[in-house]
2 protein chains.
Amino acid sequence: MPSSDVIEPIARALSIMSAMNQHRLSTISDLHRATGLPKPTVHRILATLISCGYVAKDIDRSVYMLTEQVLSLSSGYGKEAWLLQVGTPVARRITREVKWPVAIGILDYNTIVVQYSTRPYSEFVMQGSTVNKRFNLFSTAMGQAYLGFCEETQLQNILQALRDQEVQEDCILESDSKIKRYIAAVQDRGYGLRVGNRGESTHMAIPIKSDHQIIGVIGLSIFSSCFNDKVAKEYLALLRKSAGEIVDSMDKMIALAEHSAT
Amino acid sequence: MPSSDVIEPIARALSIMSAMNQHRLSTISDLHRATGLPKPTVHRILATLISCGYVAKDIDRSVYMLTEQVLSLSSGYGKEAWLLQVGTPVARRITREVKWPVAIGILDYNTIVVQYSTRPYSEFVMQGSTVNKRFNLFSTAMGQAYLGFCEETQLQNILQALRDQEVQEDCILESDSKIKRYIAAVQDRGYGLRVGNRGESTHMAIPIKSDHQIIGVIGLSIFSSCFNDKVAKEYLALLRKSAGEIVDSMDKMIALAEHSAT
DNA sequence: AAAAGCGTTCCATATTGCGAAACATTTTTT
DNA sequence: AAAAAATGTTTCGCAATATGGAACGCTTTT
């Protein structure tokens with residue numbers, strides 16, 4: 001009985017790799033015992049994995065080990081991935097509640113990259129998807145949310161990275177005091193804000209912090225004509241509550257995963 | 001032309017996962033473009049990966065992301081893996097040169113675990129393979145090589161771990177001064193040593209250090225009857241040279257890998 | 001000397017993955 | 001508002017292909 005529509009060779013290869021990850025060196029018999037797969041099959045799968053570069057074979061003995069290339073399957077995995085796994089449903093819930101689109105971004109080098117956006121869910125039509133788009137740290141709400149609330153050392157790293165890049169976009173960088181005032185303004189306000197002109201949209205954003213570290217930012221977009229102090233206050237509270245929920249469930253999930261990894 | 005004996009579905013699945021690791025969220029079309037695979041195929045592979053738990057699908061949108069389970073393919077990967085990849089050929093070379101078997105071990109919790117041994121290559125027949133066998137930190141050459149040359153903080157951690165375990169094997173732990181003298185003796189000698197009785201074998205071992213951190217130990221076994229100060233000196237020099245070579249190539253490879261990861 | 005275990009190769013077989021085509025939805029263009 | 005383009009999903013007949021028992025050569029154990 002072929003258990004539904006699962007491609008068997010793939011499932012087998014993954015179980016082999018998973019087994020190989022338990023001990024650093026494996027023999028064919030080891031894997032045969034660990035996975036229950038017939039030895040010729042194990043042999044063939046290993047040949048495939050070698051050919052793809054994920055496994056190395058000891059030259060004269062028949063001992064196999066994973067290569068560093070396995071990291072290419074998971075190197076991007078970290079807190080940000082958890083953030084998305086937990087954050088996307090929360091973002092959708094906000095949009096269901098207030099209709100406006102919500103986006104989640106993370107820092108990459110010296111820009112904010114939008115990882116997820118509920119724009120398609122929002123009843124208010126805004127321009128195309130922003131997923132994978134990069135946003136300047138100054139002059140965007142999400143960028144402000146990061147700059148304004150990250151730790152001092154990281155702030156300095158980011159500023160250095162910005163100064164190092166070839167094309168200077170932000171002339172604000174020329175003056176330290178200007179930067180300080182800019183960031184202080186964000187901190188006083190308590191959130192990132194970029195007010196758009198009539199017909200454009202206005203954006204507000206706050207950081208998502210875990211352990212004093214910013215793992216991402218969450219922002220909300222709204223038609224500029226609908227924006228005022230009252231809704232700002234309301235949505236800010238909503239964003240803060242949501243960010244807190246995200247961090248809570250994230251920490252719980254991570255603890256759970258680490259616990260069950262034993 | 002199916003390039004020899006490579007199982008296509010596996011290669012495809014790996015390329016999908018690798019592509020997914022680049023961006024945190026992917027659509028079918030993204031992956032279709034990135035890998036060149038037909039969309040129904042991408043769809044089927046994703047279904048398989050979901051079924052195996054390596055991929056999660058956004059509930060209402062068709063957005064896919066890797067789950068934390070990808071770590072089960074690579075979590076064991078770190079400096080120790082590099083050590084083995086680089087160390088095993090060196091170990092074999094030593095055995096070719098001096099005939100005696102050489103083993104490489106790493107610390108796991110509070111024991112040394114042999115990861116590789118050239119025992120099968122040695123012309124001198126010794127008892128069966130020691131791979132995956134655990135060795136006490138006190139009373140073995142490899143253990144001494146670790147205890148004697150690791151950093152103070154780590155030493156304390158290990159000692160605590162030893163004290164915490166239920167069955168107390170080493171009564172030496174009862175006295176701090178005994179421990180200090182024991183370790184001092186190892187340091188004076190410059191290497192771990194366990195002399196066996198007649199007919200048994202004698203073992204010597206040194207740490208493999210990178211960045212002031214011990215990433216493993218390398219040891220050599222020899223018939224007790226063949227052991228004396230002269231050969232000890234000779235083999236110690238050989239082990240030290242080899243350990244240096246291992247660390248050098250390791251650092252080079254790691255640098256190379258990190259550089260080409262861009 | 002025999003037996004057991006290992007890695008590896010072969011090969012006939014049917015299993016199984018394949019992808020063009022069609023369909024259902026959504027998004028963009030006209 | 002209609003049409004066109006793009007995307008996700010399902011179907012299905014077929015050929016490619018993964019499969020694993022059997023056999024082979026080798027080493028280790030009995």
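To find a chain, count down the sequence lines: A is the first, B the second, and so on, and within it residues start at 1.
Note that the CD1 atom of B:I112 and the CD1 atom of B:I104 stand 12.5 Å from one another [nearest 0.5 Å]. B:L66 contributes atom CG, which lies 11.5 Å from atom OH of B:Y54 (distance to the nearest 0.5 angstrom).
For B:S18 and B:N21, the side-chain atoms include no donor-acceptor pair closer than 3.5 Å. Side-chain atoms of A:T35 and A:S15 include no donor-acceptor pair closer than 3.5 Å. With hydrogens and angles left out, the side-chain atoms of A:S201 and A:S221 include no donor and acceptor closer than 3.5 Å.
A:R44 places its CZ atom 13 Å from the P atom of C:dC10, with the value rounded to the nearest Å. Rounded to whole Å, atom P of C:dG7 lies 10 Å from atom NE2 of A:H32. At whole-Å resolution of the value, CG in A:L31 and P in C:dT8 are 12 Å apart. Atom CZ of B:R12 and atom C1' of C:dG19 are 9 Å apart (whole Å). Computed from coordinates, the B:Y64 OH to D:dT7 P distance equals 14 Å when rounded to whole Å. As a whole-Å value, the separation of A:K39 NZ from D:dC24 P is 17 Å. As rounded to whole Å, 17 Å separates atom P of C:dT16 from atom CD1 of B:I45. In this structure, CG of A:L37 is placed 8 Å from P of D:dG20, rounded to the nearest angstrom.
As judged by a 4.0 angstrom heavy-atom cut-off over every strand, A:P38 is placed among residues touching the sugar-phosphate backbone only.
The 5' end of DNA chain D is approached more closely, in terms of each residue's nearest nucleotide, by A:P9 than by the other of A:P40 and A:P9. In terms of position on DNA chain C, the residue among A:H43 and A:I7 whose nearest nucleotide sits closer to the 5' end is A:H43.
The side chain to side chain donor-acceptor pair (under 3.5 Å) test applied to B:E245 returns B:R93, not counting sequence neighbours.
Terminal axes of the helix from C:dA1-D:dT30 to C:dT30-D:dA1 (five pairs each, C1' rotation axis) are separated by 30°, to the nearest 10°.
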